[in-house]
Amino acid sequence: MNKEQMPSYGGQAVIEGVLMRGKSSVAMANRTPTNNIVIHREKLTGIYTSNLSKVPFLRGLIVLWDSLGLGMRFLTISANIQTGEDEKLEGPMLYITLIISILFGVGIFFLAPALVSGLIARFTTIDAWVTNLFEGILRLVLLIGYLWIIGRMPDIQRVFMYHGAEHKTINAYEDGQELTPGNVKSYSLEHTRCGTSFILTLVILSILIFSLLGPLPLHWRLLSRVLMIPILAGLAYEYIRLLSKYLSNPLVQLMIKPNLALQQLTTREPTEDMIEVAIRAFEEMKKMEDGHQDLSGI
């Protein structure tokens, strides 16, 4: 099977572990405080198997939910593994945490730049097109600044190391290599389908589209930014999906350079034991995708 025929596997880093996602299943491997590796496996149902997942532009909503919903839930499971049963976060508290996280992201990266630029437009004579462009640039600066700041925190640096292990593992698999720590560690920290690329593409598209909306009253400016998020997600997904089919094209290689460059903020060189965790997650996911994993009793 050549690279073009391979399924598109993905994943994300979690606390002391890696989540790997296939078309119909996910598997997460975590390093416990006692240095064991534990596995959590699930079959994907509902929205993941609906016709929505096959509709261009609408399927980008699934990617958005993947980042916000599924990703947050598995991140919480990984945190529970590290803290133990007594400090477990689940039930209503888990959903409250998820909602607060979504509101925080929308507020900081979409509403705050729109509010600042809207106030500038209201109380100055600066052209609305200029303030819209300023809004987009401010959104991009906030994103880069946020990633740079959290990347300096020791705990987040370990998460970013696991992110690097996830990328290396998928790169090695797509290159047809046997998945061993020794083989995987030589591969790139960058990957074209990374969620970081999705977020950057979404922000860049927001600069273009919001600039075209022209002057709006402040309340419509804020509301439009929220309502446009699903549309931007759909466009960003299709853009990345299209470019991934033509990676050998020099123009495409130039176009994806900003996405790959931003991944330098969200990945770090992993240790071999981290790569081992990423490999275990990938292998467990692949077993389920191939129908070789019994989920009874999980």
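S206 and R225 form no side-chain donor-acceptor contact under 3.5 Å, judged by distance and modelled atom types alone. Counting only N and O atoms by type, the side chains of E174 and H191 include a donor and acceptor under 3.5 Å apart.
In this structure, D155 places its CG atom where only 12 or fewer heavy-atom neighbours from other residues, nucleotides or ligands lie under 6.0 Å away. By the neighbour-count criterion of 12 heavy atoms within 6.0 Å, atom CH2 of W129 is densely surrounded, having more than that number from other residues, nucleotides or ligands.
Aromatic rings of Y173 and F282 (six-membered ring for Trp) have centroids within the 6.0 Å cut-off, being under it.
For L251, the side chain to side chain contact (heavy atoms under 4.5 Å, CB included) criterion is met by N249, M255, not counting sequence neighbours. Looking at residues two or more places apart in sequence or on another chain, you find a side chain to side chain contact (heavy atoms under 4.5 Å, CB included) between L260 and E190, T192, I256, Q263. Every salt bridge (charged side-chain N to carboxylate O under 4.0 Å, His left out) that E276 has, sequence neighbours left out, goes to R31.
Smallest separation of non-hydrogen atoms from R41 and A27: CG-CB, 4.2 Å. Shown here for A29 and I37, the closest heavy-atom pair between the two residues is CB-CG2, 4.1 Å.
By the 4.5 Å heavy-atom criterion applied to side chains, L202 and L235 are not counted as neighbours. Side-chain atoms of K185 and T169, non-hydrogen and from C-beta on, never get closer than 4.5 Å to each other. At least one side-chain heavy atom of M20 sits under 4.5 Å from a side-chain heavy atom of E166. For the pair L265 and W148, the minimum side-chain heavy-atom distance is below 4.5 Å.
At least one donor-acceptor pair under 3.5 Å links the side chain of N171 to the backbone N or O of S188.
Using a 4.0 Å cut-off between a side-chain N of Lys or Arg and a carboxylate O of Asp or Glu, K23 and E289 do not qualify as a salt bridge. Between R21 and E42 no salt bridge is recorded (no basic side-chain N to carboxylate O distance below 4.0 Å). Ion pairing between a basic and an acidic side chain is recognised when a charged N comes within 4.0 Å of a carboxylate O; K286 and E283 show no such pairing.
Ring geometry, H163 versus H167: the interplanar angle exceeds 60°, so the pair is classed perpendicular (tilted spans 30 to 60°). Relative orientation of the F104 and Y146 rings is tilted, given thresholds of 30° and 60° on the angle between their planes.
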